[in-house]
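Scroll down for the structure; my scribbles are underneath it.
Each chain gets a letter, A, B and so on, in the order its sequence line appears, and its residues count up from 1.
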2 protein chains.
Amino acid sequence: MLGTPKRDRVAERRAATRREILDAAWEIARESGLTQITLRDVADRVGMQAPSLYSHFPSKMAIYDAMFGEAWGEYEATFAQLDGKVAALEADDPRAAMLLVSRHFYDFAVADHPRYQLMNERIVPGFEPSPESYAPSVRVMEDGRSRIMALGDISEADFTIWVSILGGLVNQYFANDQGGTRIHALLARAVDMWADAVGLPSKSAPSSPHRRKR
Amino acid sequence: MLGTPKRDRVAERRAATRREILDAAWEIARESGLTQITLRDVADRVGMQAPSLYSHFPSKMAIYDAMFGEAWGEYEATFAQLDGKVAALEADDPRAAMLLVSRHFYDFAVADHPRYQLMNERIVPGFEPSPESYAPSVRVMEDGRSRIMALGDISEADFTIWVSILGGLVNQYFANDQGGTRIHALLARAVDMWADAVGLPSKSAPSSPHRRKR
DNA sequence: GTCTATAGTTTGATAGAC
DNA sequence: GTCTATCAAACTATAGAC
C-alpha cells in the first residue's frame with residue numbers, strides 16, 4: 001500500500017488562495033470602507049474572475065464571516081503574547097495589569113478601523129456571524145470578564161463599565177482624532193477613574209492618585 | 001397694488017412634501033438600516049415615482065444631509081426643554097446637573113439607532129455633512145463643553161472623557177442590550193466615577209459615595 | 001411638480017465549457 | 001479550480017412630455 005504523503009500540496013494551495021482572498025478583502029476595507037468590498041474588486045486583486053471566488057467561499061457574506069472570526073482570532077493571539085506580563089502583575093499590581101490590558105485593547109482597536117467595525121459594530125447590512133466565527137469573541141469576553149472580576153471583588157456591572165469606557169475612547173479616536181494621540185493620552189486617566197471607583201489598589205499610590213488637585 | 005398674501009400656500013405645500021420625504025427616509029432607516037435607504041423606496045412611501053424626488057432634493061446625499069442637520073437640531077431642541085432644570089442645578093448641585101444631562105444624552109441616543117449612527121458614526125459611504133448641516137452639531141458641542149467645564153474647574157481632557165463614557169455606554173446598549181435597561185442602570189454609577197475623579201461635589205454626599213464598600 | 005422612459009452602472013450569483 | 005458568458009436585479013440620475 002502507498003503511504004499517505006506527509007504534506008497535502010493541494011490543501012496547502014487551497015489554503016494559500018483563501019488567505020490571498022481574505023487579504024485582498026481586508027485591503028479594500030481599509031482603503032474604501034468595510035461595506036465597499038465587492039467580489040469583482042476582490043477577484044481583480046488576486047488575479048481572478050469574480051465567479052472563481054465561489055470555489056473558495058459560498059457567498060460574499062461567508063467572506064465577511066471569515067473576516068469576523070479572523071479579527072477576533074487576531075485579538076486573542078495578540079493578547080496571548082501579552083498574557084505573561086499581565087498574569088505577573090495581576091496579584092502584585094492589579095491596576096498596572098488593567099492599564100496594560102486597556103492599552104492593548106485600545107491599540108488593537110485603533111490600528112484598523114474596518115476591523116474594529118466588523119468586530120464590534122453592526123455596519124454590514126444582513127451580516128450575522130456564524131456560531132463558529134462567533135466563538136473566539138465569546139472566549140475573549142468570558143476570559144476577560146472572569147479575570148478582571150478576580151482582580152478585586154469587581155462586579156459584572158463594573159466590568160461592563162470598563163468595556164464601555166474603552167469602547168468610548170476608541171469611538172472618540174475614530175470620530176475626532178484619527179492618526180493622533182490626543183485620545184490615547186486620556187486612556188490612563190480614564191482607567192484610573194474606573195480603578196479608583198472599584199477600589200483597585202495601585203502599587204505606586206494605593207488610594208486615589210488622580211483625584212483633582214486642589 | 002395687490003397686497004402680498006399672508007400665507008404662501010405653494011411654499012407650505014413644498015415644505016410639507018419635503019417633510020414627508022424625510023419622514024419616509026427615517027422610517028426606512030429605522031426598519032432596515034441607515035444605509036438601506038433607496039430613492040425608489042422613499043418615493044413609494046410618499047406615493048411618488050423615484051425621479052420626482054429630484055424636484056425636492058438634488059441628490060440622495062442631500063437627503064442624508066438634511067437628516068443629519070435635523071437630528072442634531074432635534075438634540076438641540078430636546079435639550080432646550082431641559083435647560084431650565086439644568087441651569088437651576090448648575091451652581092447648587094453640579095453633580096445632579098451632570099446626571100441630568102447624561103441621562104438626556106443617553107435617552108436621546110438610545111431612542112433611535114440610525115439617528116445616532118448618522119449623528120456620530122461614519123457609516124454612509126461618501127457622506128460628508130455640509131457646513132450648514134454641521135452647524136447645529138458644533139453649537140451643541142461648544143455649549144456642552146463650556147458649560148460642563150464651568151461646573152468645576154474641569155479640563156477639556158476630562159470633558160472628552162465624559163463624552164467617551166457616554167458614547168461607550170450607548171455602544172454597549174446597541175451591541176448587547178437593545179430594548180433593555182441593563183446599560184441604563186449603569187449610567188449613574190459611571191457618571192459618579194467621573195464626577196468623583198474631577199472633584200465635582202454632590203449635594204447628598206460631598207465626597208465619594210460610590211467608592212467600593214469594604 | 002410629477003410623470004414615463006431610459007441611460008448607464010454596478011452588483012451577487014449561476015451555468016457550463018475546459 | 002478557473003474561465004466566459006450571462007442573468008436578474010437594483011441603483012442613482014437625466015431628458016423631456018404633460
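A donor and an acceptor atom, one from each side chain of B/Thr78 and B/His104, are located under 3.5 Å apart.
Put simply, CZ on B/Arg40 is 9 Å from P on D/dA10, counting in whole angstrom units. Note: NZ (B/Lys60) to P (C/dT10) measures 16 Å, nearest angstrom. Nucleotide D/dA13 holds its C1' atom 13 Å from the CE atom of B/Met61, rounded to whole Å. In this structure, CG of B/Leu39 is placed 19 Å from P of C/dA7, rounded to the nearest angstrom. Atom C1' of nucleotide C/dT2 and atom CG of B/Asp44 are separated by 15 Å, given to the nearest angstrom. The distance between atom CD of A/Gln36 and atom P of C/dG12, rounded to the nearest whole Å, is 11 Å. Atom pair A/Glu12:CD and D/dG1:C1' shows a separation of 17 Å (rounding to whole Å applied). D/dT12 atom P lies 14 Å from atom CD of B/Gln49, rounded to whole Å.
When distances run from any side-chain atom of B/Met48 to the nucleotides D/dT2, C/dT14, C/dT2, the shortest one goes to C/dT2. Comparing D/dC3, D/dA15, D/dT12 against the side chain of B/Pro51 picks out D/dA15 as the nearest.
A salt bridge does not link B/Glu20 to B/Arg14: none of the charged side-chain nitrogens sits closer than 4.0 Å to a carboxylate oxygen.
Here B/Leu53 lies out of heavy-atom contact (under 4.0 Å) with every strand. Looking at heavy-atom distances under 4.0 Å, B/Gly47 makes contact with sugar-phosphate atoms alone, never a base.
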Legend entry - Worked check of salt bridge (charged side-chain N to carboxylate O under 4.0 Å, His left out) between B/Asp23 and B/Arg19: CA-CA 6 Å; B/Asp23 286 342; B/Arg19 183 68 270 136; 2.8 Å; yes

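Contacts of B/His113 classified as ring-ring contact (aromatic ring centres under 6.0 Å, His included), with partners at least two apart in sequence or in another chain: B/Phe174. Qualifying side chain to side chain contact (heavy atoms under 4.5 Å, CB included) partners for A/Asp112, counting only residues two or more places apart in sequence or in other chains: A/Arg30, A/Pro114, A/Arg115.
The base of C/dG1 is not paired with the side chain of B/Arg14 by any donor and acceptor separated by under 3.5 Å.
The phosphate of C/dG1 has neither OP1 nor OP2 within less than 4.0 Å of any side-chain N or O from B/Ser52. Distances shorter than 4.0 Å separate none of the side-chain N or O atoms of A/Ser55 from OP1 or OP2 on D/dT2.
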